[in-house]
Amino acid sequence: MLEKMEEFKAEKVIEEFEELTKDAGRVQRETLKKILEDNASAEYLQKQGLNGRTDPESYQACVPLVTHADLVPYIKRIADGDTSPVLTGKPIKTMSLSSGTTQGKQKYVPFNDELLETTLQIYRTSFAFRNREFPVRNGMALQFIYGSKQFKTEGGLFAGTATTNVFSSSQFKTTMKAIESPCCSPDEVIFGPDFRQSLYCHLLCGLIHHNEIQLVSSTFAHSIVYAFRTFEQVWEQLCADIQDGVLTKDVTVPSIRAVMSKLLKPNPELAEWIYKKCSGLSNWYGVIPALFPNVKYVYGIMTGSMEPYLKKLRHYAGDVPLLSADYGSSEGWIGANINPKLPPELATYAVLPNIGYFEFIPLRGSAEEDRQDKIQSSFESKPVGLTEVKIGEEYEIIVTNFAGLYRYRLGDVVKIAGFHNMTPELQFVCRRNLLLTINIDKNTEKDLQLAVEAAAEVLAPEKVEVIDFTSQVDKSTDPGHYVIFWEISGEVSVEVSSECCNCLDRSFVDAGYISSRKVNSIGPLELKLVRRGTFQKILDHYLGIGGVLSQYKTPRCVNPNNNMVLQILYSNVVKSHFSTAFG
Ligand code: AMP
C-alpha cells in the first residue's frame, strides 16, 4: 500500500500546485501562449488577426467572446468529418455530448487528450489535499457512475458524455487506483445500457465489498441521493440476492449478469447482517455508515443546483462528512476543492492556472439591488484576468481551453471567496441565465432555490420534505405568473400547502418582483404539488433522449416549448394553490 501512495506522491502534487499558484499570473500568460501556439494553424484563430501575438492584451482585443451557439457551425463541420484544423491544430477525434439539462438541449463540445489530462490533474490535486485531512488507505469507492453509450458522429468521431469520455479512458482507471479510489463495480456495470440495472448492481457490489468501501461518491450529489432512495426500495431484494448468491431476475443485461455471477456467492451471514443493520435504522438516518463502517467521507459536486439535495444526503450520511468535489464542465475543468474541511455550502474551488486561460466579467455593483441588473445587463464591463479579480465580487467566467474553445462563455456566475497564493478560490453562485422573468422581475436559479428552501421550512414540523422542484413562467394568464412544482415526501393539509405557496411568493425578494406583485402586474404565484415519482419520470425522459445520470441536473425552469416535460408535470398535479400573500 505504501508503495502505491509513494507512486502517487501527494506531496509532489501539492508542491507543484503551490508553485503554479504562487506565480498564477505568469502561468496564465504562458498557458495562453501555449494554447495559441499549439493551435496557431486553426482556421478560427487565423481569422482573428492575431498574427502570431499571444499576449493577453492582443488576445482580448482580437478574439470575440462567444457562446456555444456561435461555435456550432465550426463544431458541426468537425463532427461531420472535416479533419482540417478548424478549431484546433491537431484534429479533434472525440466529442463530448453535454447532458443538456442546464440549457435545455444537448450540445457537442470538442474533447481531446489535453482535456482529459487537465481533468485528471484536478482529480489528483483535490485528492492530494483531501487525503491529508481524510486519509483513505487501500480502499475502494462505491461510485455511482454511469457511462452513456458512445456512438459515432456523422463524420465518424467518437461521441459520448464528457464523464463517459473520461471514465472510459485507461488513464482514468490508473489515476483512480493511484488515488486509492478504484470503483468497486466492474466496467460492465458502469457502462451497462440500463442505468437502473447498473444502479442496482453498484449497490450490490458495494454491499459485497462493504468493509473495504472507504468513500461513497458520484459526479453530482444527486446521483448519491437517488441511489439511496432506490436502496430504500430494493434493500430486501439485495439481501435475498446476497443470501442465495443469485442475482435477481430483474437484471437482464447479459454482460452485467455474467460479471455479477462471478462476484456473487451465497453469503447468508452478510445478508443477515445487512438485514439487521437496515431494520435498526430510523427512517434510514445514517444508512451509509451503518452499511459501510469504514467509509471516511461522501464525495461529489454538492454546490449550485446540487444544494437542494444536501439535506437528504446528510440524513443518509449521518456523521460521515460530506465533501464537495471539484468545479468544471464538459468544456473543461476550472478549480479543485483544496479546502475539503469546509462544509459543502461554503465549498470553494481554487483555479488551476495551467489548465486553461480564464477571464472574468465583473457583475456585481456595490449595492445589492444592483446585482441582478448587472447579472442581466447587456452593457458589460471589460473582463479581467485571473489574478485581477477582487474578493467578494461576482463574475461571469470565460474559458479558453486546450480543445478549441476561445473566450467561451460558460454561463456560470462565481464569487471570489479568497486567494490561494495568487490564484482565486471561487464559490459557485448560479447559472447566469434568468429562470423566472415576466417584466421587470429577475430571478435566477439561486433565487428560486432560496425561496424553495424558505417555504420548505413550513413543511418541517410535518416531517415532510421537498424531494425535488422546478418552475415555469405562465404567460397564458393575464397578468403572467410564476408556477412552482413540488414533489413532496408525504401528505400535508390544505392549510399547510397553501401557507407554503404564500411563503414562496413572499420569498422572492427581488425588488422588481415585489413591486410587480404589489401592483398585480405579475399575478399570484401558483404552487402545484405533483404525484410521487413525477421527477423520476422527468429524469427518465432526459435519459431517454440521450442524457446520462452521472451528469443529470433537474431542470429548474421548464421552457414553454418543452412540451414533454410540461406534459409530465401537468398530468401529475394533485393539488394547486394560488398565493394570497399580496392580498
Ligand atoms: P455539464 O454541462 O453537464 O458539463 O455541466 C457543467 C455545469 O455544471 C457547469 O457549467 C456548472 O453550471 C455546473 N457545475 C459543475 N461543477 C460545479 C460545482 N462544483 N458547483 C456547482 N455547479 C457546478
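On a predicted model such as this, the values are computed, not experimentally measured, just so you know.
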Within the 3.5 Å criterion, strictly below it, is a donor on [X] or [Y] matched to an acceptor on the partner's side chain?
{"X": "T303", "Y": "Y327", "result": "no"}
{"X": "D250", "Y": "Q237", "result": "no"}
{"X": "Q449", "Y": "E453", "result": "yes"}
{"X": "D326", "Y": "S126", "result": "yes"}
{"X": "Y542", "Y": "Q551", "result": "no"}

Shortest non-hydrogen contact from [X] to [Y]?
{"X": "E396", "Y": "G411", "answer": "OE2-N, 4.0 Å"}
{"X": "L504", "Y": "A455", "answer": "CG-CB, 3.6 Å"}
{"X": "I355", "Y": "Q121", "answer": "CG2-OE1, 3.3 Å"}

Indicate the ring-plane relationship of Y123 and F172, choosing parallel, tilted or perpendicular according to the 30° and 60° boundaries.
perpendicular
Mind checking whether Y108 and F151 have parallel, tilted or perpendicular rings, split at 30° and 60°?
tilted
Keeping R556 on the side-chain end and L435 on the backbone end, is there a donor-acceptor pair under 3.5 Å?
no
Keeping N337 on the side-chain end and S324 on the backbone end, is there a donor-acceptor pair under 3.5 Å?
yes
K341, NZ: over 12 other non-hydrogen atoms inside 6.0 angstrom
no
Quick check: are there more than 12 heavy atoms from other residues, nucleotides or ligands sitting under 6.0 Å from CZ of F419?
yes
Under the side-chain contact (heavy atoms from CB on, under 4.5 Å) test, residues paired with P186 that sit two or more places apart:
E188, V189, C205, V259, L263
